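First comes the structure, then the notes that go with it.
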2 protein chains.
Amino acid sequence: MKQKLILIMLCVSVSGIFAQKATWIYYPGDFEIWLGNDMQNRRTERGAFFPPFWKMDSHYVLVEFSKKLDLAKTEKVTIAVEGQYNVKLDGKLLTGNPSNITIPEGKHSLNIKVHNQANVPSVYVQGETFGSDNTWQVTFEDKEWIDESGKASDTSSGTVYLNAGAWNFNNIDTPPSKFKLETIPLDAVKTEPKENGLLVDFGKETFGFIQFKNLKGLGKLHVYYGESPEEALAKETCETLDFFDIKNPEAKDFTAPGSKAFRYVYIEKDENVVFDTVSMLYEYLPLEYRGSFKCNDNLINQIWDISAYTMHLTSREFFIDGIKRDRWVWSGDAYQSYLMNYYLFFDSPSVTRTMLNLRGKDPVTSHINTIMDYTFYWFMGIYDYLQYTGDEEFVKQFYPRMQSLMDFCLSRRNKNGLMEGLSGDWVFLDWADFKMSKSGELSFEQLLFCRSLETMSICAEIMKDDEGKRKYAELASEIKSKLFSAFWSESQQAFVHNRENGVQSKQVTPYTNMFAVLLGYLDTEKTEQVKQSVLLNPNALKITTPYMRFYELEALCKLGEQDFVLKEMRDYWGGMLNLGATSFWEKYNPNETGTQHLAMYGRPFGKSLCHAWGASPIYLLGKYYIGVKPLKEGYKEFAITPVLGDLQWMEGSVPTPNGDIKVRMDRKNITVSASEGEGYLSFESTSKPKSNQGTIENISKNKYRIKILANKGDYKITGKF
Amino acid sequence: MKQKLILIMLCVSVSGIFAQKATWIYYPGDFEIWLGNDMQNRRTERGAFFPPFWKMDSHYVLVEFSKKLDLAKTEKVTIAVEGQYNVKLDGKLLTGNPSNITIPEGKHSLNIKVHNQANVPSVYVQGETFGSDNTWQVTFEDKEWIDESGKASDTSSGTVYLNAGAWNFNNIDTPPSKFKLETIPLDAVKTEPKENGLLVDFGKETFGFIQFKNLKGLGKLHVYYGESPEEALAKETCETLDFFDIKNPEAKDFTAPGSKAFRYVYIEKDENVVFDTVSMLYEYLPLEYRGSFKCNDNLINQIWDISAYTMHLTSREFFIDGIKRDRWVWSGDAYQSYLMNYYLFFDSPSVTRTMLNLRGKDPVTSHINTIMDYTFYWFMGIYDYLQYTGDEEFVKQFYPRMQSLMDFCLSRRNKNGLMEGLSGDWVFLDWADFKMSKSGELSFEQLLFCRSLETMSICAEIMKDDEGKRKYAELASEIKSKLFSAFWSESQQAFVHNRENGVQSKQVTPYTNMFAVLLGYLDTEKTEQVKQSVLLNPNALKITTPYMRFYELEALCKLGEQDFVLKEMRDYWGGMLNLGATSFWEKYNPNETGTQHLAMYGRPFGKSLCHAWGASPIYLLGKYYIGVKPLKEGYKEFAITPVLGDLQWMEGSVPTPNGDIKVRMDRKNITVSASEGEGYLSFESTSKPKSNQGTIENISKNKYRIKILANKGDYKITGKF
């Protein structure tokens, strides 16, 4: 242990010697699957284990890691491994399980083969000039057989090697199996006797482990968790609880073994059981808030802040749906978290962890989360990921998993070549208060399918798979053309909801229409038709989940309705705040009252009061008010189009892969700076604008743009905005 | 614990109440994969971990078990589970992790869902009139979602349920994860000082854990294992060894943690380290020797006995190749073990365990064990399994895994529609002392491919998959016709070895020719040609592995050359006995001398001296001398065709699924009895034979047959045989 500590200190202090910092590596995607199994099987419902209902995959239990070395001089190398392992140097097996080896100068091949059933096989190798990292090769079948004479097989072919997976396990003593979120202690805000026990309030929605100071006695200690006081006090119907049998003859501090979501806890106990105070360990993923937003309207500021907090609470091992109930990784929910993440944390590992967990492994036996739309959101997540991060490496490693998932979809098309729910497929779309059919061909599913195929075509291009690129592009174009021929209603000037047995339904739901706007599938004429007949039509069917409001409001923003959207935000998110929300909800219907707001799924407290899809204002404010978005992969080119709506001023920052774009705007000034990439700031001004640097171009009446270059300091534009 | 013990006692004593004995159940095939991972990763080479080089799969980590019940009265039910779990009765989740529940009379559905990453999710349920067994349903994705109102999804469709897997885990306290082979203590035969240590001889090849009585002291204890004294004494080159650091201030018994193969161990130690005696724990799978063989020739009797012992040593968690070195599950080796098993143990669970481990799970990324021929032997093993056991349930559970493996093969055909090694494919065939090509199209591979397709067609019929049956039969017939057109040489009156770039090679190897005889692919004329030009041709290329001698001698037996084969057995297996063999070897070349016999793979002790494929006399003597084989699945119909060869008398027993067929024969008498099925005893007699019961029919000159019915006692036939 001493030696290890010294080693680490040297790594930090003598960077000349330890040129390359090591990190724990594993088969890419395997840690994500393993962690997901652990995490998603932690859900309980009233004390009963409540696991997911889809297939959970496993890591490869036998994995070979390898690296070609070319050393200028002899190096001492430290090897740490999770699992049973062997080490081969230049093809020769070393005796035993060496943890320290010496490699002479020159060219060498180093191979480590690891077996681990319970945890992910992983290695940490620290040489003097090299360390284990994602440049190492890894395979689950090395096919290294020998013939009768002892000659080794040709291993240069037939075996697929990937680059090793890695995250932030940079310490030899904290391997992947020891992964834990961070915790900090938090006190309760208020503790008061209630009914036969104690009601404790932590002041706002939170997540973590309940703690009892100086717990003593023999007997029962019952903890009922609530996102609302009503829930905590509802012993028979609250969603989560813990029953402890305390056997402490001497007082000692006690921490509940499982973390839970709550604002309130209600505690009942045997008289014999006593404690001093109730507190908690707040459990979280450490993430930097790189995006920001401030404006003159404090309600909007509060909505942004609570959105960010909601987003942080649900950004954990993965982007999860809600913190109280499922705590599962749901592809449709996660898709929105990806987008919000790009405007708040810009934490790419959280995106790829989530996408890899969702995808799992072959064979594909079901849609992702069993939901057809959720499979398509998975592809669309890659589309956005490429756009925002520019990380083509993800595609290069996982293109085969993308292909096999798309093959699964293609194999389930109906005789019209369209997607239709088969037995075992959940066609979800939305939780809606109106009746809608999930049968036959839903226009919405075809639309997502089309964008998924477009994504595949882009990925095929990255892979230089010309045949694939052509095939996927053709399929996408075929689906798009059928979307219009099968579902566009001239009489209603909108897409209808579905077609069953060849008969086009009369129902118009908002979904396909608003997504068609978002994906840019409509010409100017149809766009205007959809806007009037659906999006701004007061008689159109009403969306009651923040989930679909996300896209509805985005579509309106895209159509320049920022004023309208701000009002909707104040109404809808402001409505939740008025009801005391400290995080945003799974569903909100302004027409409900009192505890109606807490019920869902036929259960009085079934609704999640902290749901990722409730946090969309982060995304909307960043993308359509601050107005920053990438135009080329990884923000190599960006667009800045700030829109105040009815605000007097706003300022904010949008993260890019390795930098930030900062914008401040009021009615007379726009200030912009970028630290990477380049692009145009576009704006409207009723007076001729001026700038402190660069050249403002006049595009059309009152419309201007100016090229923004990175690291040029502030661009200050004055005008009448 | 007390309650559990009482329960078990009641199960045994009051069978009227506990009508149905429970057993631990799991997802079928999963225990076999899990156990194989554990077992095959136990190989070491000189102290270094030496794992397989193919993909190792995993059990499903989240599994749901279910059973529909119809109870005449209320029952108390005990539930034991390996893993985190929940219990649903009639769709309602019970609180916590109940281990005792009460189910009222009437119809119910009981569901138990289990998560376990490290071990196989498994359950043991004991009611009063029912218990967990292979009638329970099991799935890895139950797809039980609920909609917003709490309504459960339609679970009757879209989810594939299989019958649960089970073996012999009939005790609540010994779940699958605790599986261990049996052990018994054995003493050494001789212990003598040698060089700087002690050489211990256990009298014959054996397997287990070395033990030291009253081991005391601080220091090194080195154990070198040897199948020969030369190997044990070769500290630098013996294949397996154990280095222990002893820290026993007080004397205590010590057992080595890993079991190994050996007859000899050589021990060196620090002076300070002392012990009384060296002994061992013999480790074995308890199996009944149901088949038997005895005759007037003691050498043949000894060959049968040593074969049976070799077979038992290699019949362990699975049918493995050899006990010293690989201890892996190899499909080609196992295929022979299946056949020998039918004439010795008739232990079907050992066959299915091995087949399921070999198959693993989808996706198929490589041939089984990476070897093309070994994939085909897997299919052929099913062909024989159906014939010998009649167990169609195996096919019904695993047909999809058969299809996907065959799809893999079909996807790898070359432009001529034939199998040719692609990169990453090991074309093994045999370890031979002559040079043979593994390139291009090998006639041998097409022949095995053809039988594999025929097997698929039979299985498709069991599955009532008419389209599959037709497809596979057509493919088989296409391959068979190409086999003759591409590889039969009229000039050499034999199949040639291969075809490369369209050019038929000139080389004739024995393999395809003898297998074509065995599989019955040749007409009378070609059979005779192959017999003369290859099988009995003294100038033909010589086989030096017992592996291929298995088929060579079987082909000769099939052609009526029992006299010749007995001589070969005395020469070849007798040759090993002459050299002191106490189990049969991986390879034997009579032209080698001394320690040449121990070397292989370029290592002085690389050869395995206890290899399953060395035990073929069990099979040959049972099938072609005692002469018993099934004609219809599961011995519903059998053939008994005893042939003495040059023996004066022989007697033996051949097991059938639920009985035995017993045969005794000398030159004047044949006595036969069967306890299930029916069939003909066929024999030749130069005098008119008589029988104590039944009617003897004369078939042709000197050829007779008599119908044998089950459970009619002995049929005694006299004649001149």
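Quantities reported herein were computed from a predicted structural model and do not represent experimental measurements. Any value given below was found using the heavy atoms of this structure, including those in side chains, with hydrogens, waters and symmetry copies removed. Per chain, numbering begins at 1; letters A, B, ... match sequence-line order.
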Closest non-hydrogen atom pair, [X] against [Y]:
{"X": "B:E141", "Y": "A:S366", "value": "OE1-CB, 3.4 Å"}
{"X": "A:A48", "Y": "B:L94", "value": "CB-O, 3.3 Å"}
{"X": "B:W54", "Y": "A:L62", "value": "O-CD2, 4.2 Å"}
{"X": "A:R46", "Y": "B:T95", "value": "O-CG2, 3.5 Å"}

**Asked** From B:I33 CD1 over to A:Q117 CD, what is the distance, rounded to the nearest 0.5 angstrom?
**Response** 9.5 Å
**Request:** Enter the distance from B:F53:CZ to A:K113:NZ here, rounded to the nearest 0.5 Å.
**Result:** 8.0 Å
**Prompt:** For the side chain of B:Q84 and the backbone of A:N41, is there at least one donor-acceptor N/O pair under 3.5 Å apart?
**Reply:**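 Side chain of B:Q84 to backbone of A:N41, a donor-acceptor pair under 3.5 Å: yes, one is there.
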**Item:** Under 3.5 Å donor-acceptor, A:N86 side chain and B:F49 backbone
**Value:**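 Indeed, once roles are kept as given, a pair shorter than 3.5 Å links the two residues.
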Of the backbone (N, CA, C, O) and the side chain (C-beta and beyond), which part of [X] lies under 4.5 Å from a heavy atom of chain B, both, or neither?
{"X": "A:N116", "answer": "neither"}
{"X": "A:N369", "answer": "neither"}
{"X": "A:K587", "answer": "side chain"}
{"X": "A:D326", "answer": "neither"}

Quick check on the interface: out of [options], who has the most heavy-atom pairs with chain B under 4.5 Å?
{"options": "A:F140, A:F243, A:W431", "value": "A:W431"}
{"options": "A:G47, A:G602, A:P363", "value": "A:P363"}
{"options": "A:T44, A:L93, A:T139", "value": "A:L93"}
{"options": "A:P98, A:P52, A:A599", "value": "A:P52"}

